[in-house]
Amino acid sequence: AARHPRGPAGGSAAVLVSPRVSASARSLGARTYLLSGQVWPARAGVLVGVLARTPAGREVAVAADTTDARGRWSVTRTFGSGRLTSLQARTRGDLVNAAGHSAVLRFALG
């Protein structure tokens, strides 16, 4: 979805695009997971933060990576003994794209 914020004098307007963000978590064993996904439109250097929600409802940053030229990101993370209920990947807005987020991944540490 595109938004048209007020543009500079002269009648032109910037078009901010809300990116599509995907995320997945694959167990590599013993509380270690490969967190990965993609951001569209693809652009190198987009910062992707992965946040976890605790059972108490608190959001905690657990990982971050930047996208490659195809919009892909991935990070391996070993979790401690605390419980997490969900993970979500998020991007911040900038001059080119609005902020975006992935679907929430339900998550249980084994």
Side-chain angles (χ1 to χ4, degrees):
R3 289 187 297 155
H4 302 277
R6 289 185 193 171
S12 63
V15 176
L16 291 178
V17 176
S18 295
R20 195 170 99 210
V21 181
S22 72
S24 66
R26 183 169 54 109
S27 176
L28 301 177
R31 305 177 77 82
T32 300
Y33 291 82
L34 174 65
L35 309 174
S36 63
Q38 195 166 2
V39 177
W40 296 274
R43 186 166 53 105
V46 174
L47 178 64
V48 177
V50 180
L51 290 98
R53 185 174 300 272
T54 67
R58 192 169 140 243
E59 286 188 337
V60 180
V62 294
D65 193 23
T66 55
T67 58
D68 65 13
R70 292 184 177 168
R72 297 176 301 198
W73 62 273
S74 67
V75 62
T76 300
R77 175 76 158 83
T78 300
F79 293 97
S81 60
R83 288 193 205 171
L84 305 175
T85 60
S86 64
L87 292 173
Q88 186 177 52
R90 295 184 186 171
T91 62
R92 289 190 171 157
D94 58 23
L95 293 175
V96 178
N97 291 320
H101 59 85
S102 71
V104 173
L105 301 174
R106 298 295 169 213
F107 200 79
L109 293 174

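Because the structure is predicted, anything quoted here is derived from the model rather than measured. Numbering of residues begins at 1 and proceeds along the displayed sequence.
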When you compare the side chain of [Y] with that of [X], does any pair of heavy atoms fall below 4.5 Å?
{"X": "Arg43", "Y": "Asp94", "result": "yes"}
{"X": "Tyr33", "Y": "Leu28", "result": "no"}
{"X": "Val21", "Y": "His101", "result": "no"}
{"X": "Val39", "Y": "Thr91", "result": "yes"}
{"X": "Leu35", "Y": "Leu87", "result": "yes"}
{"X": "Asn97", "Y": "Pro41", "result": "yes"}

Are Val48 and Thr67 close enough, and set up right, to give a side chain to side chain contact (heavy atoms under 4.5 Å, CB included), and what steps lead you there?
CA-CA 7 Å; Val48 177; Thr67 58; 3.9 Å; yes

Which atom names give the shortest non-hydrogen contact between Ser18 and Ala98, and what distance separates them?
OG-CB, 3.9 Å

Shortest non-hydrogen contact from Ala23 to Ala89?
CB-CB, 3.9 Å

Are a donor atom and an acceptor atom from the side chains of Thr78 and Thr32 found within less than 3.5 Å of each other?
yes

Side chain [X], main chain [Y], donor-acceptor under 3.5 Å:
{"X": "Ser22", "Y": "Gln38", "answer": "yes"}
{"X": "Ser36", "Y": "Trp73", "answer": "no"}
{"X": "Arg90", "Y": "Ser102", "answer": "no"}
{"X": "Asp65", "Y": "Ser74", "answer": "yes"}

Intermediate values then yes/no, side chain to side chain contact (heavy atoms under 4.5 Å, CB included), Thr54 and Val60:
CA-CA 8 Å; Thr54 67; Val60 180; 3.9 Å; yes

Among the clusters formed by ILVMFWY side chains lying less than 4.5 Å apart, do Val75 and Leu34 turn up in the same one?
no

Give the cluster check for Leu105 versus Phe79: same hydrophobic cluster or not, with ILVMFWY residues linked at side-chain heavy-atom distances below 4.5 Å.
yes

Which distance, rounded to the nearest 0.5 Å, do you find between the CZ of Arg53 and the CD of Gln88?
8.0 Å

